[in-house]
S.K.: 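To start, I am sharing the structure in question, which I have written as C-alpha cells.
Counting starts at 1 for both ligands and their atoms, in listed order.
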Amino acid sequence: MKLFIDSADINKIKMLTEYYSIDGVTTNPSIIVKEGKPFLPLLKEIQSSLGVEKELFVQTIADKAENIVEEAEYIQKSLQGNIVIKIPVTSEGLKAIKLLSGIGIRTLATTVYTPLNAYLAAKAGANYVAPYVNRIDNLTGNGIQVVKDIVEIFVKSNFNCEVLAASFKNTQQVLEVCLAGAHGVTASPDIIEAFLKVPSIKENVETFSREWYELYGNKSLLD
Ligand code: G3P
C-alpha cells in the first residue's frame, strides 16, 4: 500500500522522506498557496528533495477540458520525472482525463465523493481516484464505506485504477481505509507523524536501555 505526503512544505517533506518510506507527494491549489511561493520553482524544489522516481501529483485549475489538457501538458513538460496530473471529477474534468489517457499522460481524479464519481473516472482512464474521506464524513456521509464501495467496484470490473484515499482528520480513518483495501493513502505530515505517537514505545525503549546499562555500564552492543 502506497503512502504519500499531502503537503508542499519542503522541510516536512525532507524530514518525512528521510525517516520513512514515502512513495511521493500530492498537492492541490490550496496546499500550494499555503506555502506562498511561486508555483513551478516550488514544485521543482519538492521534486529535488523527493527524487524524480517518486510520484509528484500536481492539480490543474482550468474549467474547460481543452484548457485542463493544456495545463496538464505544460506541467508535464516543465517538470522532469514521475508526474501525475490531478483533475477534479467535473464533466469537463472527466473529458480531460479521457483525452489525457489517450496521449499517455497519467491522471488522478480528485474531489471524489461517491462510488459513481470514481466509476466514471476509472472508465475515463484515470490511473488513480482520490475519495475525500473526512470531507465525506463532514457531509454526514461515510467516507470509509465510500472507499470500500469503490474498491469493490474496481475489483469486480477489473479496472486498472488505484484508490488513493485522501482527506483525513485522524489516524483511525487512515487505518480503516487501509483495511478497506485502498491501494494508497495521502495524509498531511501531522497525521503521518501521529502513526508513531504511542507513548508506550518510548517507555519500552527507555526500559530496555536502562536495564542494559544497569548490567553492562556504558558499553554499547559493539563493545
Ligand atoms: O488530497 C486531498 C486533500 O488535500 C483534501 O484534504 O484535509 O483538506 O480535506 P483536506
S.K.: For ligand 1, give me the residues whose heavy-atom distance to it is below 4.0 Å, by chain and number please.
M.R.: Asp6, Asn28, Ile31, Lys86, Tyr132, Arg135, Ala166, Ser167
S.K.: Quiz question: by atom type and distance under 3.5 Å, do the side chains of Gln173 and Asn134 form a donor-acceptor pair?
M.R.: yes
S.K.: Scan Glu71, Glu70, Glu92 and name whichever one has a salt bridge (Lys or Arg N to Asp or Glu O under 4.0 Å) with Lys64.
M.R.: Glu92
S.K.: Pairing donors with acceptors under 3.5 angstrom, does anything connect the side chains of Tyr19 and Lys14?
M.R.: no
S.K.: State, without any angle test, whether Tyr132 and Thr110 hold a side-chain donor-acceptor pair at a distance under 3.5 Å.
M.R.: yes
S.K.: I'd like to check the side chain to side chain contact (heavy atoms under 4.5 Å, CB included) partners of Glu53; sequence neighbours left out, ordered by chain and number.
M.R.: none
S.K.: Taking atom types as modelled and ignoring hydrogens, do the side chains of Asn117 and Thr114 form a donor-acceptor contact shorter than 3.5 angstrom?
M.R.: yes
